[in-house]
There are 2 protein chains.
Amino acid sequence: MGKTNCSCEKCQLKSLFFSHVDASEMSNICDIKVEKQYSKGEIITTEGEPIREFIYMKEGLVKLSKTGTDGKDQIISFSKPFDFVSLLSVFSSKTYKYSVTAIEDTTVCILDLDVVKNHAQENALFAMDLMARISEATDKILLDNLAIKRKHLKGRIAHVLLYFSDYIYKNDEFELPISRREIAEYIGMTTENVIRTLSEFRKDKIIKIFGKDILISDKKRLQNISDFG
Amino acid sequence: MGKTNCSCEKCQLKSLFFSHVDASEMSNICDIKVEKQYSKGEIITTEGEPIREFIYMKEGLVKLSKTGTDGKDQIISFSKPFDFVSLLSVFSSKTYKYSVTAIEDTTVCILDLDVVKNHAQENALFAMDLMARISEATDKILLDNLAIKRKHLKGRIAHVLLYFSDYIYKNDEFELPISRREIAEYIGMTTENVIRTLSEFRKDKIIKIFGKDILISDKKRLQNISDFG
DNA sequence: CGCGGCTTTGATGTTCATCAAGTAAAGTGG
DNA sequence: CCACTTTACTTGATGAACATCAAAGCCGCG
């Protein structure tokens, strides 16, 4: 039996990779993967470049973004550990359609794309699992975008704060991993109005702000603003 | 050799289904599919209902939409022949996350979901092809949504008109398959402003309007508004 | 230390939603 | 088929939401 264990105890890709394989047939994913570290701010993949690798998030936080013809960026979504970062486009395009940038120190596992494709071709259940993960991820992005689209400025800001608090950090106090401008790029409003709204929340004692550190003091009200604003 | 021909000459699903199969192994997709007709306005699938079938568009035009908690609809995208309508969610969820409604008389081919899943499980190349189609479709939706988000009211309306003209009907004159309100639900603006903008385009001699019939008379200018508005 | 980027606040104007009111079109029941 | 109801469409007036412009403080970094 091949070794199926490596240092990555929680690796979900490993589970997917091996879950439907006869032990004797498989090569060890841990032997062929390359780990790579990125500091906050570093670009992981660039829009337009050829896709050669399959990227899997081990640690950290990244943003997916796209640059418009006018040079202005739009942030599409964020990815956290155990997401397949190169989800979008990997199986439908030869080049990246979006850029991925680390917004926290990030570790990714990199597999040669052909290895993953070959494995999927030889193992339909793995292909099915991948498909499910891709669908899930894109569904989440679409739903999130729709939710934001329904809301006004205040609701959108509340939404973003709750997103980081509830979904990413699972804590009422956290350090915003992105700038005010990036929040604006995500929700489709201007930087100034993002700042103004945060200040307003502060004045209304809904949150406390210390630079990038945010403390949500009245979550119920914030949730209310997110739901009805 | 099994029969691989049926009345659907252009069926791409059939091609996918059979492209990687040994002739002797395959069952005929044409024998197990059920064709179903929907008139303009009829609901094909409803948000929240269990997914039992794999739906493939043979003829017509549909909209994907979602109803918000406030009862207001949002239109996510449109699908035309040879799209897999149940793309989103099919492999990741037990229930539909979106509704699909015919906006033109529509014919779909319906396959039992388990049959498709089984075929994918036994045939990894088919699974890979499906994956590519799913990625492509969701990529297109995301890109379209980003493009719309970047634009103002006029740019969004121009975008929608060009979408139907260039992508759906491939003609400068066409009948709008959706109401003014539905355009509003798609671009995230109000019905009144959609109407006002269309009237303005008419006054500026960019388009001609006869009820639902639209004739684009100054495409270059419309393209310009879409690009920079 | 100075430069560029991020943040903040205020003033101003534009864009857009809302409200109102009326016409046209389309579906409904007698 | 006609009166009736509802839904779609249209235009105008008003105000709210938001973008833009301007100016200044702050912070990190070479």
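Here the structure is a predicted model, which means the values were calculated and not measured. Chain naming here is simple, since letters A, B, ... match the order of the sequence lines and numbering starts at 1 in each.
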Side chain of [X], backbone of [Y]: donor and acceptor closer than 3.5 Å?
X	Y	answer
Ser199(B)	Ile195(B)	yes
Asn224(A)	Lys220(A)	no
Thr46(B)	Ser99(B)	no
Asp105(B)	Ser39(B)	no
Asp83(B)	Lys80(B)	yes
Asp204(A)	Ile206(A)	no
Arg156(A)	Met189(A)	no
Thr106(A)	Leu61(A)	yes

Sequence neighbours excluded, every pair satisfying ring-ring contact (aromatic ring centres under 6.0 Å, His included) that has a member inside residues 177-197 of chain A: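 Qualifying pairs, neighbours excluded: Phe78(A)-Tyr186(A).
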DNA chain C contacts among residues 63-77 of chain A, heavy-atom distance under 4.0 Å: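 Here the set is empty: none.
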For DNA chain C, the residues among residues 184-202 of chain B that have a non-hydrogen atom under 4.0 Å from it: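 The answer is Gly188(B), Met189(B), Thr190(B), Glu192(B), Asn193(B), Arg196(B).
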Identified side chain to side chain donor-acceptor pair (under 3.5 Å) partner of His159(B) from the options Gln223(B), Arg150(B), Lys154(B), Lys151(B):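 Running side chain to side chain donor-acceptor pair (under 3.5 Å) over Gln223(B), Arg150(B), Lys154(B), Lys151(B) with His159(B) returns exactly one hit, Lys151(B).
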Contact under 4.0 Å: Arg180(A) side-chain N or O vs dC6(C) OP1/OP2: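 So the side-chain polar atoms of Arg180(A) never come under 4.0 Å of the phosphate oxygens OP1 or OP2 of dC6(C).
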Start and end of chain A contact along DNA chain D [non-hydrogen atoms, under 4.0 Å]: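 Nucleotide range in contact with chain A: dC18(D) to dC21(D).
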Touch class at under 4.0 angstrom, heavy-atom based, for Lys154(A) against every strand present: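 No contact.
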Measure the distance from [atom1] on [X] to [atom2] on [N] and round it to the nearest whole Å.
X	N	atom1	atom2	value
Ile183(A)	dT8(C)	CD1	C1'	14 Å
Lys151(B)	dT15(C)	NZ	C1'	18 Å
Lys149(B)	dC16(C)	NZ	C1'	18 Å
Ile157(B)	dT15(C)	CD1	P	15 Å

In residues 161-172 of chain B, what donor-acceptor pairs under 3.5 Å come from side-chain atoms, sequence neighbours left out?
unit_1: Ser165(B); atom_1: OG; unit_2: Asn171(B); atom_2: O; d: 3.0
unit_1: Ser165(B); atom_1: OG; unit_2: Lys219(B); atom_2: NZ; d: 3.0
unit_1: Asp166(B); atom_1: OD1; unit_2: Lys219(B); atom_2: NZ; d: 2.7
unit_1: Tyr167(B); atom_1: OH; unit_2: Lys140(B); atom_2: NZ; d: 2.6
unit_1: Tyr169(B); atom_1: OH; unit_2: Glu104(B); atom_2: OE2; d: 2.4
unit_1: Lys170(B); atom_1: NZ; unit_2: Tyr167(B); atom_2: O; d: 3.3
unit_1: Asn171(B); atom_1: OD1; unit_2: Glu173(B); atom_2: N; d: 3.0
unit_1: Asp172(B); atom_1: OD1; unit_2: Lys219(B); atom_2: NZ; d: 2.6

First encountered from the 5' end of DNA chain C, between His152(A) and Ser179(A):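 Mapping each residue to its closest nucleotide by heavy atoms, the 5'-most match is Ser179(A).
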Over 12 foreign heavy atoms within 6.0 Å of CD1, Ile209(B):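 Result for CD1/Ile209(B): enclosed.
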Ion pair check, Glu185(A) and Arg181(A), cut-off under 4.0 Å: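 Here Glu185(A) pairs with Arg181(A) in a salt bridge, since their nearest N and O are under 4.0 Å apart.
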Axis-to-axis angle between the two ends of the helix from dC1(C)-dG30(D) to dG30(C)-dC1(D) (five base pairs per end, rounded to 10 degrees):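 So the angle between the two local helix axes works out to 50°.
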